[in-house]
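Structure provided below as structure tokens; questions to follow.
Order of the sequence lines fixes the chain letters, A, B, ..., with proteins taken first and strands second; residue numbering starts at 1 for each chain.
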Number of protein chains: 2
Amino acid sequence: MVANVNDTEKKILDAAKKIFELSGYNGARMQHIADEAGISKASLHYYFRSKENLFERIFHETMEEFMKVLSTWEDDTYKWELKLREFVVEFFNFLRTNSLLFILRELNRNPDLMNDRPKKKKIGFMSYFKNLQEKGLIQNFDLSLMYVFLHSLCSYPLINKIIFKRILMMDDARFDSFLEEYPNHVADFLILFIKQSKTKK
Amino acid sequence: MVANVNDTEKKILDAAKKIFELSGYNGARMQHIADEAGISKASLHYYFRSKENLFERIFHETMEEFMKVLSTWEDDTYKWELKLREFVVEFFNFLRTNSLLFILRELNRNPDLMNDRPKKKKIGFMSYFKNLQEKGLIQNFDLSLMYVFLHSLCSYPLINKIIFKRILMMDDARFDSFLEEYPNHVADFLILFIKQSKTKK
DNA sequence: ATTTGGTTTGACCAAATGGTCAACAAAAGT
DNA sequence: ACTTTTGTTGACCATTTGGTCAAACCAAAT
């Protein structure tokens, strides 16, 4: 029986994402991807002309999802403390199931991957807090710094899991329960950071 | 003229570190390493039996340097705020010239690389602050959390350079000057974090 | 039943790559 | 001077790997 085209394509994309994330572009083998998708290598090449081709598809789709989560800063009526906490929790959970290390590794290998992307119009985070600053609801501190803090605190614990577990002597269960509470601590911390910040530039 | 053995070995290690950091284990080519070191591929194999062999040498040496910097918490007479700030600045500058992404990427590829290592006796950071807590100089908050914060804030901006530059719309010069002041902001933040922390466990 | 057009695959290929080896070169003993 | 040990290398090898292709397969249209 011949599977539906889109079905096969989906199986390939799922398999490819898994293998690329696990092994990176250079470590991934077309044969492994084919095996994982349950098809022949020749079929794989029938759907995607080349490894490069397939890889770029996966990479850009992952970036797309990533950017989508980052742009959920539409102004609503929450207090900003709540909004920030909600974002941190959501962002963190997204990162838990999407390998950011994959993105970083491949971007480091080939920075051009970034240039291929369409220019992003606006950063949700930036305009949201700029707005608060203009309204005088929070102090006029450096938003770039806070952006970097936010991302660092959310991303790094997940890509550095192995080392943290080892150094903090936590087994998987302990570390997982640590991660469970973690985003709320991050939110606490960022809120504190904002509230105590003095105006400067 | 035949170069000194140790000299050649050094050239190889330097070349290998450069190539491995740039391309990762799977992306690195023995020929490239040989070229970079200015010797033949056969000579490379004369000094290091295999790629795996050479790689592990580089990996463990890098880990060693890394751990050395992390252990500079010998108790001295500084106020802890000063000590912390000094550590952050030093650690951050170390990270600027040593690719941590390399470590993370390869550890992700093969977690056993960590198990090969001799067990580390003590984490300088932990005992230093535990000591302060026992003396009642700081509150009794969760040190693991602060450890993760410290590392995340120091490490991530450097391994995520490419994306941050793009999103914050900074050119190399702007981003470099941002990084110049950065560790002091991190120190400010961590000090604030410690001072306002309530006792909990 | 036959044709048609898309899908699937085993077999195969050329290039790349880690690794070997015999021969040679340079130092170091003697 | 000579022998031995240590370095060095071009040529070569076996395997892996991305990619191709002709033949087979299959569902739907005729």
Side-chain angles (χ1 to χ4, degrees), chain A residues 1-62 102 105-106 109-110 112-113 116, chain B residues 1-61 102 105-106 108-110 112-113 116:
Chain A
M1 188 179 62
V2 174
N4 184 340
V5 175
N6 294 326
D7 195 61
T8 305
E9 193 169 315
K10 183 67 166 37
K11 277 196 298 182
I12 293 178
L13 289 173
D14 287 347
K17 183 165 188 184
K18 181 171 170 183
I19 300 295
F20 278 134
E21 283 187 355
L22 190 69
S23 312
Y25 179 79
N26 284 312
R29 298 288 161 250
M30 291 300 264
Q31 188 61 62
H32 291 172
I33 295 174
D35 292 347
E36 180 75 24
I39 58 168
S40 71
K41 186 160 64 99
S43 262
L44 189 53
H45 276 89
Y46 176 76
Y47 280 87
F48 296 91
R49 247 170 255 172
S50 67
K51 186 182 182 183
E52 186 67 31
N53 204 270
L54 177 56
F55 170 77
E56 281 181 10
R57 172 75 173 271
I58 298 292
F59 183 86
H60 287 127
E61 277 189 12
T62 306
F102 164 68
R105 163 206 268 174
E106 302 307 336
R109 180 178 63 86
N110 176 16
D112 284 341
L113 285 168
D116 296 349
Chain B
M1 190 179 62
V2 173
N4 182 342
V5 174
N6 295 326
D7 195 59
T8 304
E9 194 169 315
K10 183 66 166 40
K11 275 196 300 182
I12 292 177
L13 289 173
D14 287 347
K17 182 165 189 184
K18 182 171 170 184
I19 300 296
F20 278 133
E21 283 188 354
L22 191 68
S23 312
Y25 179 78
N26 283 312
R29 298 286 161 249
M30 292 299 265
Q31 188 61 62
H32 291 172
I33 295 174
D35 292 348
E36 180 74 25
I39 58 169
S40 72
K41 186 160 63 98
S43 261
L44 188 55
H45 277 88
Y46 176 76
Y47 280 87
F48 297 90
R49 247 171 254 173
S50 68
K51 187 183 181 183
E52 187 67 31
N53 205 271
L54 176 57
F55 170 78
E56 281 180 11
R57 173 75 174 270
I58 297 293
F59 182 86
H60 287 126
E61 277 189 12
F102 164 67
R105 163 206 270 172
E106 302 307 335
N108 194 255
R109 179 177 64 87
N110 176 16
D112 284 341
L113 285 167
D116 296 350

>> In whole Å, I'd like the distance from the CG atom of B/D7 to the P atom of D/dT6.
In response: 19 Å
> Looking only at heavy atoms, which two atoms of B/N108 and A/E21 are closest? And how far apart?
Replying inline: OD1-O, 4.4 Å
> A/Y47 pairs by side-chain contact (heavy atoms from CB on, under 4.5 Å) with which of A/L13, A/I12, A/N53?
Replying inline: A/I12
> Is there a donor in the side chain of B/N110 and an acceptor in the side chain of B/E106, or the other way round, less than 3.5 Å apart?
Replying inline: no
>> Pairing check on D/dT9: which nucleotide meets the Watson-Crick or G-U wobble criteria with it, both distances under 3.5 Å?
In response: C/dA22
>> Under the side-chain hydrogen bond (donor to acceptor under 3.5 Å, both in side chains) test against A/Y25, which residue among A/E56, A/E52, A/R105 passes?
In response: A/E52
>> Taking the cut-offs as 6.0 angstrom to the six-membered ring centre and 45 degrees off its axis, would you call A/R109 and A/F55 a cation-pi pair?
In response: yes
> Less than 4.0 Å between a side-chain N and a carboxylate O, is that true for A/D14 and A/K18?
Replying inline: no
> Just by protein heavy atoms under 4.0 Å, how would nucleotides 16-23 of chain D read 5' to 3' in B, S and -?
Replying inline: -SBBBB--
>> What is the separation between atom OH on B/Y47 and atom P on D/dT6, rounded to the nearest whole Å?
In response: 12 Å
>> Is B/S43 close enough to D/dT9 that one of its side-chain N or O atoms is under 4.0 Å from OP1 or OP2 there?
In response: yes
> Can you find a side chain N or O atom of B/S40 that sits less than 4.0 Å from OP1 or OP2 on D/dT8?
Replying inline: no
> CG of B/D35 versus C1' of C/dT17: gap in Å, rounded?
Replying inline: 13 Å
>> Does a side-chain N or O of B/Y46 approach OP1 or OP2 of D/dT8 to a distance below 4.0 Å, or not?
In response: no
> Please give, in whole Å, the distance from C/dT7 C1' to A/I12 CD1?
Replying inline: 11 Å
